[in-house]
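Here the structure is laid out as structure tokens; the discussion comes afterwards.
A, B, ... follow the sequence lines: proteins, then strands. Residue 1 opens every chain. Note that the structure is a prediction, hence the values are computed from the model and not measured.
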Amino acid sequence: MSNPSPSSSRIAEILRAGQPDETVAVCGWVRTKRELKKFAFVEINDGSSMANLQVVLDPELPSYTDLLKQIQTGASVEIVGQLVESPAKGQRLEMKASNVTVVGESDGETYPLQKKRHSFEFLRTIAHLRSRTNTLGAVFRVRNAASNAIHEFFQERGFMWVHTPILTASDCEGAGEMLGVTSLDLANLPKTDKGAIDYGQDFFGKPAYLTVSGQLEAEVMAMAFSNVYTFGPTFRAENSNTSRHLAEFWMVEPEMAFCDLVGDMDLAEAFLKYIFSAVLEQCPEDMEFFNKRIDDTVLDRARNIIDSGFERVTYTKAIEILEKADRKFEYPVEWGTDLQSEHERYLAEEFFKKPTVVYDYPIGIKAFYMRANDDGKTVAAMDVLAPGIGEIIGGSQREERLDDLTKRIEAQGLDVADYWWYLDLRRYGSVPHAGFGLGFERLVQFLTGMGNIRDVIPFPRAPLSIDF
RNA sequence: UCCUCAGUAGCUCAGCGGUAGAGCGAUCGACUGUUAAUCGAUUGGUCGCAAGUUCGAAUCUUGCCUGGGGAGCCA
């Protein structure tokens with residue numbers, strides 16, 4: 001494709017700073033075309049903003065009639081023209097086209113995206129095209145802004161971004177179904193004398209999986225660099241069919257040496273406030289759109305997150321609140337059992353009406369690496385419960401005492417030998433440390449108000465779903 | 001995995017024992033700057049799949065598949 005002169009501009013920039021009489025070139029896709037007798041309007045979008053650029057096509061353009069036939073919804077075009085103040089309401093500027101090139105045609109009869117509202121269910125069946133819609137476009141711009149803000153937040157605070165492995169040999173938490181990875185011929189598996197699968201012949205010489213968390217490796221790196229974070233894909237093979245679960249999702253996991261649970265909660269709160277501020281500042285148009293069309297509490301919620309402190313309650317106190325609640329729960333409230341979705345929702349949405357941090361959970365329901373409190377009954381774990389979303393962050397102070405950690409691994413029926421390197425961290429210069437994990441897609445859901453997690457990731461993976 | 005609701009035109013749905021409908025889209029035409037333009041016409045379907053009940057099934061029954069919502073598990 002020849003380089004237009006002057007070189008092409010992004011539509012967001014034109015709409016923001018363009019001046020009348022300026023000659024510009026734009027490249028993008030046709031959102032809609034309105035033909036009138038004397039001229040035609042074409043709306044062009046290049047993904048840089050929610051708003052389109054309105055282009056006026058005059059019949060004096062060369063081969064005007066043929067051109068109009070080719071400019072159908074979905075077609076890609078390159079247009080050079082002069083910016084003019086729009087005589088009609090709806091936009092400050094529009095473009096009077098002087099040169100139009102149809103780069104790629106689009107057959108209006110078969111193009112699946114129509115000039116009308118589509119259901120998200122339908123858009124999921126055309127995931128390769130849905131990013132061209134207003135809503136998904138806004139979601140992915142917000143997703144990008146949030147990703148960038150995450151790096152800014154940690155980098156500004158001196159955290160090092162560390163790349164933890166995606167392939168792993170250990171199920172680090174002893175929980176959660178994992179997806180296996182193998183180079184063995186599944187139709188002709190090698191067997192040992194005892195009839196078991198002979199993983200000795202597999203690529204790594206032992207069973208391998210996709211990671212369910214980078215936490216243990218992040219702890220390794222924190223023991224050298226003090227403050228680190230991971231931000232990458234993680235995988236779960238759980239048969240979860242809900243609007244809040246994916247088989248492949250992105251997780252943010254900071255890990256801080258010389259830090260306790262209070263420092264961990266402080267970081268989680270500062271983190272969420274930072275991300276919300278950054279997204280409101282960078283994507284005001286998209287956030288307005290979500291507030292107007294998806295969930296009219298999005299903006300109030302965001303300001304509430306930024307301006308007000310999070311509520312912090314111990315698990316024990318939370319149980320007391322739930323026991324006194326003037327309401328019937330489907331699941332019983334009892335000290336020692338995990339909080340159910342309905343309990344978490346009551347706390348965050350009805351009782352406190354703000355993000356709520358529940359901490360000091362019973363030792364029996366939490367993972368082995370969480371640090372035992374002095375009461376002998378609880379561990380220094382915390383969950384951040386977001387109104388409307390539920391658990392968005394889960395974190396803890398880690399058990400740094402070798403003896404205690406070894407006992408906990410044994411108590412959960414895990415093989416201590418598998419954790420030799422993890423235990424080594426407690427042998428050589430062990431320090432109190434803490435961290436948390438945040439499901440990135442849940443954060444994007446929380447930001448945008450989108451109801452289904454499959455609509456906040458471009459290519460969702462879920463049970464029986466990997467078509468795009 | 002469990003509970004529940006649904007699958008009819010490209011999309012969103014109505015029809016719920018007598019042989020298929022609407023709106024939108026698309027196409028064509030009209031139209032003094034339109035904003036998901038408007039107006040008119042045209043186009044459009046193995047009624048998710050399989051078996052069964054019946055003179056007759058989109059409609060009733062059973063099984064399966066797919067999707068939504070909720071739950072469990074979790075992030």
Side-chain angles (χ1 to χ4, degrees), chain A residues 31-43 51-58 69 72-74 84-91 94 96 106-126 129 133-134 173 175-177 211-215 233-253 268 293 329-331 337-345 365-367 383-386 389-395 436-446 451-457 462-465 467:
Chain A
R31 279 294 176 82
T32 180
K33 173 182 65 173
R34 294 181 288 274
E35 284 183 65
L36 281 75
K37 193 171 191 179
K38 295 186 174 175
F39 41 82
F41 296 100
V42 179
E43 301 259 356
N52 305 318
L53 178 66
Q54 174 164 287
V55 178
V56 183
L57 301 188
D58 190 280
K69 283 212 171 79
Q72 300 199 346
T73 308
V84 294
E85 283 182 38
S86 182
K89 285 179 182 173
Q91 58 279 314
E94 64 188 25
K96 193 166 161 37
S106 173
D107 182 358
E109 294 208 43
T110 57
Y111 186 61
L113 287 174
Q114 303 170 357
K115 293 193 289 186
K116 55 176 282 195
R117 235 186 114 82
H118 285 298
S119 67
F120 292 124
E121 291 88 340
F122 170 67
L123 291 176
R124 269 170 233 147
T125 69
I126 50 165
L129 296 170
T133 63
N134 285 338
E173 299 192 26
E177 293 292 313
T211 186
V212 296
S213 164
Q215 183 200 310
T234 49
F235 308 85
R236 304 278 166 92
E238 278 143 17
N239 193 9
S240 300
N241 296 289
T242 81
S243 56
R244 307 189 315 283
H245 289 84
L246 289 166
E248 176 181 303
F249 64 99
W250 284 61
M251 192 144 67
V252 179
E253 294 174 290
R293 304 290 285 273
F329 293 111
E330 191 185 338
Y331 289 85
T337 63
D338 216 348
L339 298 179
Q340 299 295 314
S341 288
E342 57 176 343
H343 303 146
E344 297 182 343
R345 203 168 294 147
I365 57 172
K366 288 293 181 181
D383 284 348
V384 179
L385 311 177
I389 302 294
E391 187 183 337
I392 191 169
I393 286 178
F436 64 76
L438 165 123
F440 182 57
E441 282 73 18
R442 288 191 183 169
L443 176 65
V444 179
Q445 276 189 285
F446 192 34
N452 194 309
I453 201 166
R454 298 178 194 207
D455 299 325
V456 298
I457 186 168
L464 300 177
S465 176
D467 285 347

Within the structure, does a side-chain N or O atom of [X] lie under 4.0 Å from either OP1 or OP2 of [N]?
X        : N     : result
A:Arg244 : B:A71 : yes
A:Thr110 : B:A26 : no
A:Ser243 : B:G70 : yes

Between [N] and [M], how far apart are the two [atom1] atoms, rounded to whole Å?
N     : M     : atom1 : answer
B:A36 : B:U12 : C1'   : 15 Å
B:G44 : B:C2  : P     : 44 Å
B:U32 : B:C11 : P     : 36 Å
B:C24 : B:U38 : C1'   : 15 Å
B:G52 : B:U59 : C1'   : 15 Å
B:G63 : B:U4  : P     : 13 Å
B:G72 : B:G18 : C1'   : 47 Å
B:G69 : B:C31 : C1'   : 46 Å

Legend entry - Where A:Gln445 and A:Arg244 come nearest, the two heavy atoms and their spacing: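 Nearest pair, atom of A:Gln445 first, then A:Arg244: OE1-CA, 4.3 Å.
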Inset, instruction - Mind listing the closest non-hydrogen atom pair of A:Gly437 and A:Glu253 along with its distance? - result: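 Minimum heavy-atom separation between A:Gly437 and A:Glu253: CA-CG, 3.9 Å.
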Any-strand Watson-Crick or G-U partner of [N], both distances under 3.5 Å:
N     : answer
B:U32 : none
B:C16 : none
B:G67 : B:C5
B:G44 : none
B:G23 : B:C11
B:U61 : B:A51

Base, sugar-phosphate, or nothing for [X], non-hydrogen atoms under 4.0 angstrom?
X        : answer
A:Arg124 : sugar-phosphate
A:Leu464 : sugar-phosphate
A:Phe249 : base
A:Phe235 : nothing
A:His118 : sugar-phosphate

Legend entry - Single hit among A:Asn134, A:Thr73, A:Leu53 for side-chain contact (heavy atoms from CB on, under 4.5 Å) with A:Arg31: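 Among A:Asn134, A:Thr73, A:Leu53, the one meeting side-chain contact (heavy atoms from CB on, under 4.5 Å) with A:Arg31 is A:Asn134.
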Inset, instruction - Please report, rounded to the nearest Å, how far the C1' atom of B:U27 is from the NZ atom of A:Lys33. - result: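 So the NZ-C1' distance, A:Lys33 to B:U27, works out to 11 Å.
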Inset, instruction - Check the distance between B:A71's C1' and A:His343's NE2 and give it to me in whole angstrom. - result: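 It works out to 13 Å between those atoms.
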Legend entry - Presence of donor-acceptor pair under 3.5 Å, side chain of A:Gln114 and base of B:G10: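 When only heavy-atom distances are counted, A:Gln114 does reach the base of B:G10 through a donor-acceptor pair under 3.5 Å.
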State plainly whether the residues [X] and [Y] are in salt-bridge range, i.e. N to O under 4.0 Å.
X        : Y        : value
A:Lys33  : A:Glu35  : yes
A:Arg124 : A:Asp467 : no
A:Glu441 : A:Arg454 : no

What pairs of nitrogen or oxygen atoms, one from the protein and one from nucleotides 28-33 of chain B, lie under 3.5 Å apart?
residue	atom	partner	partner atom	Å
B:C31	OP1	A:Lys37	NZ	3.0
B:C31	OP2	A:Lys37	NZ	3.2
B:G33	N1	A:Glu94	OE2	2.8
B:G33	N2	A:Glu94	OE1	2.3
B:G33	N2	A:Glu94	OE2	2.7

Inset, instruction - Can you label the angle between the A:Phe122 ring and the A:His118 ring as parallel, tilted or perpendicular, going by 30° and 60°? - result: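 Aromatic pair A:Phe122/A:His118 classed tilted.
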Heavy-atom distance under 4.5 Å between the side chains of [X] and [Y], does that happen here?
X        : Y        : result
A:Val212 : A:Thr234 : no
A:Leu123 : A:Leu113 : yes
A:Asp455 : A:Ile453 : no
A:Thr337 : A:Ile365 : no

Legend entry - Listed nucleotide nearest any side-chain atom of A:Gln340, set B:C74, B:G72, B:C11: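 Within the option list, the nearest is B:G72.
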Legend entry - Out of B:A71, B:G10, B:U12, whichever nucleotide has its closest atom nearest the side chain of A:Ser341: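 Of B:A71, B:G10, B:U12, B:A71 is nearest to the side chain of A:Ser341.
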Pairwise N/O distances under 3.5 Å, protein to nucleotides 1-8 of chain B:
residue	atom	partner	partner atom	Å
B:U1	OP1	A:Asn239	ND2	2.6
B:U1	O4	A:Asn239	O	3.2
B:U1	O4	A:Asn241	N	3.3
B:U1	O4	A:Asn241	ND2	3.1

Inset, instruction - State yes or no: are the ring centers of A:Phe329 and A:His343 separated by less than 6.0 Å? - result: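 Yes, ring centres under 6.0 Å apart.
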Inset, instruction - Take A:Glu342 and A:Ser465, find for each the nucleotide of RNA chain B with the closest heavy atom, and name the residue whose nucleotide sits nearer the 5' end. - result: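 Its nucleotide being nearer the 5' end, the pick is A:Ser465.
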All N/O pairs under 3.5 Å across the protein-nucleotides 48-50 of chain B interface:
none

